[in-house]
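The structure appears below as structure tokens.
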Amino acid sequence: MSKLEELRRAYQGRFQSWRERKAQGQRIVGWVCTYIPEEVFAAAGLLPIRVGGGARETPLGDAHFYANTCTFVRNCLELGLRGEYDFLDGLVTVNTCDHIRRFFDVWQHYLRTPLTQIYHLPCKISATTEEFFLEELGQIRRDLEGTLGVTVKDDALRESIRLYNRTRSLLRRLYARRSRENPLLTGAEALEALLPALVLPKEEYNSLLEGLIEELEQRPSPASGRARLMIIGSQIDDPEYYRLIEEQGAVVVIDDHCYGTKYFWNPVEEEGDPWRALARRYLQKAPCPHMHPMGPRLEHLLALARDFRIQGVLYQTIKFCDPHAEVFPVVWNAFQRAGIPVLNLEREYLLAGAGQWKTRIQAFLESLEA
Amino acid sequence: MKGDYLKQVVEAYEQRLQQKRARPTTRSSELGTQIMLDYFQRVHRAQEEGKPLAWVSFGVPVEIFYAMDIVPFLVEQFAITVVVQGFREGKGFEYFDYGIGTGFSKEACTAHIVPVGMAKAGVLPPPDVAVCSSVPCDSSLMTFEVLTDMYRCPSFWLDYPYRERNGREIDYFRQEFADLIAFLEEHTGRKLDPDRLRETLEISRETNEIYARILELRKTVPAPFGGREGWNIIMNIRYVDGLPGTLEYFKAFYQETQEKIARGEGHLSDERHRLIWVGGYPFFFMRVIDWVEEQYGAVVVGEAQNSVKHLVGGDTSDPLEFLARKAAGFGIWRVFRDFGTIAPELVEQAKALKADGAIYFASAGCKQGCGITRLLRDTWGEAAGVPTLILDGDILDPRVTSVAQIQAQLQKFFAMLDGS
């Protein structure tokens, strides 16, 4: 079995895997936003996992949310209300966006996860906000000790940081193989390779990823000569979206969303105080629209576009996602000035309206050739 | 509507003030109109008078600006005012189209689509600086990103800690306000006079203490005033806090309210229902407040923003400390915290107000508000016995839910209340 297939199966079997680990005594904390410092939870001996969706229909989520709540958190809540996450010892997030804030409120009220907390994520980077965020990390530590009876020692935290940095480094190496003239993997494959990072213990994941990187060097490029695209916007955890794009004759070589580079792009400093290093890294990582002003984010996006030699941008947003959908004009302006065309696409969390997407992407790719 | 909207709004307020003087009702009514006229006149004249104009979002305290002789302009609220006025003349919809035409989300809050559209059309006074807060919502922040990108003006982003942290949030606010002052000094050339700030804050302190006492008076049965006055005091304290005219207005309103209570006089002669109204109003149909009063004897005794504690007071000798404590305790902003923190206060207030019903106006573009419709309905229902109508609509766009549809939903709700 190829390493890619192993990774696919690891992700597909995640719920069973989690329950098995829990049955063996592993405590598990779910998180919802990439600004949550997983290392802290791992250092406490917990398994931090990304809470995601996957239900084909969301009647329970619909009954608890209004019509204008994004379908991602709606789907996550659906699984929570169905009991799919009843093994969780904790559910933690930050106030990244209104949908996540309200998802937290509803989850906390209707579900009885032992540790349920939302932490403050500053909306900008400054000396003041770094200090406050550092204190928030201290609050995480106190909550873990108070509610779950686990301690986070500095040495364990340093070890955890090194382990997570190894993951980040491996994922950067994987992505470097996408930056080549002839990418060694498609965007869909890259997403399939990344997804298990969010749900497995890092030691296991790193081993699989190392194997994949080796394997990739042995095979020809599956994406030579295709239009090189960047995908920006709301999170995508379904590789079918990428396949749909790539079947039209493109290859997605780089992304900026939180099931992509936002998760792993920046390492944590391994010298000095580990808590401050975490605060600094998480606050300053590849920014999301929560961070203001947008200038640094635009610079980062344009740098990615340049380094990966993209020809066009797919800017996709889940319906009702204000953080991404509303700032589209600002991102568009920046790419226009750089001479890079942008296609704006709206979607739901789960793949729907494939025909419309195909038509628009085809037209966009034709315009790139013109 | 074309041309100088500010001038039109100023003229509308001048006319309103003249009418109130010609046919006086209450002193506070005249004072309330005067302070809003003064506010719009300041904005209209800012450039001519050489004063920096600061676009500020809903969650930004205005006292610092007044103390520095910088003119604050609540651009979101102005857009609402202009478009609602336009609707009366059958116009205004073009700003929705302009806004969406920039690529701004069509599912955004209409109170944000419209200022983006107005900015695109070039009908807003250009800002010298922009200051946006992280309260109340994503849409406000993202709108200011789009606006500052359009105008290429310096911007400051005021961060509100999402949780109370045993006083650490006060220290954080202190630093935020110190940074805001430094930003304003750098980008406007104005220097803050600490004495003048203290004077402004002393007025704000007294105003807010009276505001809190007014909110207490709403618990009286019959309610001494209704939804229109309730909304006015929220807006007035946002636009013009810290100014002498504002204090005078609140003092007059408080006195009038106390006198009404002493006379045993209610806002309605036949008060049959006491409502909490959440989520803003259909601003194109503010008459809905009068309509429920006339049809059902239903008086609005509280809004979401006034249903959590308004904890503003203390010593102004340390201005940053006062500002920090005010930001942390201001009810209108506290309500946007996590639900678990404010839920007990919402329940306590519903009981204290003796509310027998709540209307949750679920505006189509309001994600953070609508996200807790079920939660609030269940909480008030279970813990306070208050039934909630989730009223679908939009705060600005009458095409989402018409006046007739709004009335039809309310009719059914009151039929249920009357039958219970």
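Letters A, B, ... are given to chains in the order of the sequence lines, protein chains preceding strands, and every chain is numbered from 1.
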key: Residue, of His290(A), His324(A), Glu346(A), Gln139(A), that accumulates the most heavy atom pairs under 4.5 Å with chain B   = Gln139(A)
request  = Taking the side chain as every heavy atom from C-beta outward, state whether Phe104(B) and Val327(A) have any atom pair closer than 4.5 Å.
outcome  = no
Residue part contacting chain B, namely of Ala127(A), when any heavy atom lies under 4.5 Å = neither
query = With a cut-off of under 6.0 Å to the ring centre and 45° to the axis, is Lys124(A) in cation-pi contact with Phe156(B)?
reply = yes
inquiry  = Tell me the closest heavy-atom pair linking Ala364(B) and Asn68(A), and the distance in Å.
reply    = O-ND2, 2.9 Å
task = Name the region of Gln108(A), side chain, backbone, both or neither, that has any atom closer than 4.5 Å to a heavy atom of chain B.
result = side chain
Test salt bridge (Lys or Arg N to Asp or Glu O under 4.0 Å) applied to Arg165(B) and Glu136(A), step by step = CA-CA 9 Å; Arg165(B) 291 292 189 223; Glu136(A) 283 295 274; 2.6 Å; yes
request  = Would you please test Glu326(A) and Leu141(B) for side-chain contact (heavy atoms from CB on, under 4.5 Å) and show each step?
outcome  = CA-CA 10 Å; Glu326(A) 290 193 10; Leu141(B) 286 158; over 6 Å; no
request  = Please answer whether the main-chain N or O of His292(A) pairs with a side-chain N or O of Glu145(B) as donor and acceptor at a distance below 3.5 Å.
outcome  = no
key: Side chain, backbone, both or neither of Phe103(A) within contact of chain B (heavy atoms, under 4.5 Å)   = neither
request  = Name the option with the most non-hydrogen atom pairs under 4.5 Å to chain B; the candidates are Phe65(A), Trp332(A), Phe132(A).
outcome  = Phe132(A)
remark   = Looking only at Thr96(A), Val94(A), Thr129(A), Asn344(A), the option with the highest number of non-hydrogen pairs under 4.5 Å against chain B is Thr129(A)
message = Has Arg101(A) got a side-chain atom pairing as donor or acceptor with Phe336(B)'s backbone, closer than 3.5 angstrom?
response = yes
query = Among Cys137(B), Ser134(B), Gly340(B), which residue forms the greatest number of heavy-atom pairs with chain A at distances under 4.5 Å?
reply = Cys137(B)
ask   = Hey, which of Tyr119(A), Phe104(A), Tyr110(A) has the most heavy atom pairs under 4.5 Å with chain B?
value = Tyr110(A)
task = Calculate, to the nearest 0.5 Å, the distance between atoms CZ and CG belonging to Arg374(B) and Asp62(A) respectively.
result = 11.5 Å
request  = With a 4.5 Å cut-off on heavy-atom pairs, point out which of Glu107(B), Glu169(B), Gln175(B) contacts chain A the most.
outcome  = Glu107(B)
task = For residues Thr102(B) and Phe328(A), determine if any side-chain heavy atom of one lies less than 4.5 Å from a side-chain heavy atom of the other.
result = no
query = Could you give the distance from CG (Asp179(B)) to OG1 (Thr128(A)), rounded to the nearest 0.5 Å?
reply = 4.5 Å
Heavy-atom pair count under 4.5 Å with chain B, highest-scoring of Pro293(A), Ala325(A), Cys123(A) = Pro293(A)
request  = Specify the closest pair of heavy atoms between Met142(B) and Asp322(A), including all atoms of both residues, with the distance to one decimal.
outcome  = CG-O, 3.9 Å
key: Gln356(A), CD atom: more than 12 neighbouring heavy atoms under 6.0 Å   = no
task = Mind ranking Ile390(B), Ile113(B), Asp378(B) by heavy-atom pairs under 4.5 Å with chain A and telling me who comes out on top?
result = Asp378(B)
request  = Say whether, by atom type as modelled, one donor and one acceptor occur between the side chain of Asp138(B) and the main chain of Asp98(A) under 3.5 angstrom.
outcome  = yes
key: For chain A, the option from Val116(B), Ile372(B), Leu158(B), Thr148(B) that forms the most heavy-atom pairs under 4.5 Å   = Ile372(B)
query = Where does Thr116(A) contact chain B at under 4.5 Å (heavy atoms): side chain, backbone, both or neither?
reply = neither
message = Nearest 0.5 angstrom please: Arg102(A) CZ to Gln368(B) CD, how far?
response = 4.5 Å
ask   = What part of Arg297(A) gets closer than 4.5 Å to chain B, counting heavy atoms only: side chain, backbone, both or neither?
value = neither
inquiry  = Using side-chain heavy atoms (C-beta onward) and a distance below 4.5 Å, is Phe320(A) in contact with Lys367(B)?
reply    = yes
query = Any idea which of Met150(B), Arg377(B), Arg152(B) has the most non-hydrogen atom pairs under 4.5 angstrom with chain A?
reply = Arg152(B)
query = Which bit of Ser133(B) is near chain A, if near means a heavy-atom gap under 4.5 Å: side chain, backbone, both or neither?
reply = neither
request  = Could you label the plane-to-plane angle of the Tyr172(B) and His120(A) rings as parallel, tilted or perpendicular, counting under 30° as parallel and over 60° as perpendicular?
outcome  = perpendicular
inquiry  = Please classify the contact of Arg337(B) with chain A as side chain, backbone, both or neither, using a heavy-atom distance under 4.5 Å.
reply    = backbone
request  = Please state whether the side chain, the backbone, both or neither of Thr373(B) comes within less than 4.5 Å of a heavy atom of chain A.
outcome  = side chain
ask   = Which residue out of Val106(A), Thr69(A), Val73(A), Ile118(A) racks up the most heavy-atom pairs below 4.5 Å with chain B?
value = Ile118(A)
ask   = For Glu131(A), is it the side chain, the backbone, both or neither that has a heavy atom under 4.5 Å from a heavy atom of chain B?
value = neither
ask   = Is it true that atom NZ of Lys120(B) has more than 12 heavy atoms of other residues, nucleotides or ligands lying nearer than 6.0 Å?
value = no
inquiry  = Quick check on Cys109(B) against chain A: is it the side chain, the backbone, both or neither that has a heavy atom closer than 4.5 Å?
reply    = backbone
